[in-house]
Amino acid sequence: MHPHLTLHRHPMCAEIIEEFQKCHVDHPIKKFFGECTDLKIKLDRCFRQEKAVKRKANFEESKKFKERLQAYKKEMAEKENES
């Protein structure tokens, strides 16, 4: 199973998505017998790579957020101790 094949949501895999959709249009019956399976496998691999890239970017963003939050908490604690 794969996510919805919208090009704007999966820019890294746009070319493979177009090939896969074209295969389904060109082979309406053969698609049920494995005609587009190779493209499906390539598409799944591309989605995994895309997800890994997004996961890494999200991790880096959350790391920066946590650092800012810790700095803010430390600053607030120092201000509270001064009072």
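All figures in this text were calculated on a predicted structure; none of them were measured in a lab.
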>> Quick check: closest heavy atoms across Ile17 and Leu7, and the distance to 0.1 Å?
In response: CG2-CD2, 3.7 Å

Show me the donor-acceptor pairs within less than 3.5 Å that the side chains of residues 49-56 make with the rest of the protein, sequence neighbours left out.
from	atom 1	to	atom 2	distance (Å)
Glu50	OE1	His10	ND1	2.7

>> So, using salt bridge (charged side-chain N to carboxylate O under 4.0 Å, His left out) as the criterion, who are the partners of Lys42 when residues are at least two apart?
In response: none

>> So, taking the atom named CD in Glu80 and the one named NZ in Lys73, what distance separates them when rounded to the nearest 0.5 Å?
In response: 13.0 Å

> Under the side-chain hydrogen bond (donor to acceptor under 3.5 Å, both in side chains) test, which residues partner Asp26, sequence neighbours left out?
Replying inline: Lys22

>> Is there a side-chain contact between Val25 and Gln21 in this structure, where contact means two heavy atoms from C-beta onward sitting under 4.5 Å apart?
In response: no

> Looking at residues at least two apart in the chain, or sitting in another chain, which of them share a side-chain contact (heavy atoms from CB on, under 4.5 Å) with Ile29?
Replying inline: Phe33

>> Are the side chains of Glu61 and Lys64 in contact, using a 4.5 Å heavy-atom criterion?
In response: no

> Quick one: disulfide bond (SG atoms under 2.5 Å apart) pairs with a partner in residues 41-73, sequence neighbours left out?
Replying inline: Cys13-Cys46

>> Going by the rule ring-ring contact (aromatic ring centres under 6.0 Å, His included), which residues pair with His27 if we only count those two or more places apart in sequence or in a different chain?
In response: none

>> Consider side-chain hydrogen bond (donor to acceptor under 3.5 Å, both in side chains). Of Asp44, Thr37, Asp38, which one does Lys40 pass it with?
In response: Asp44

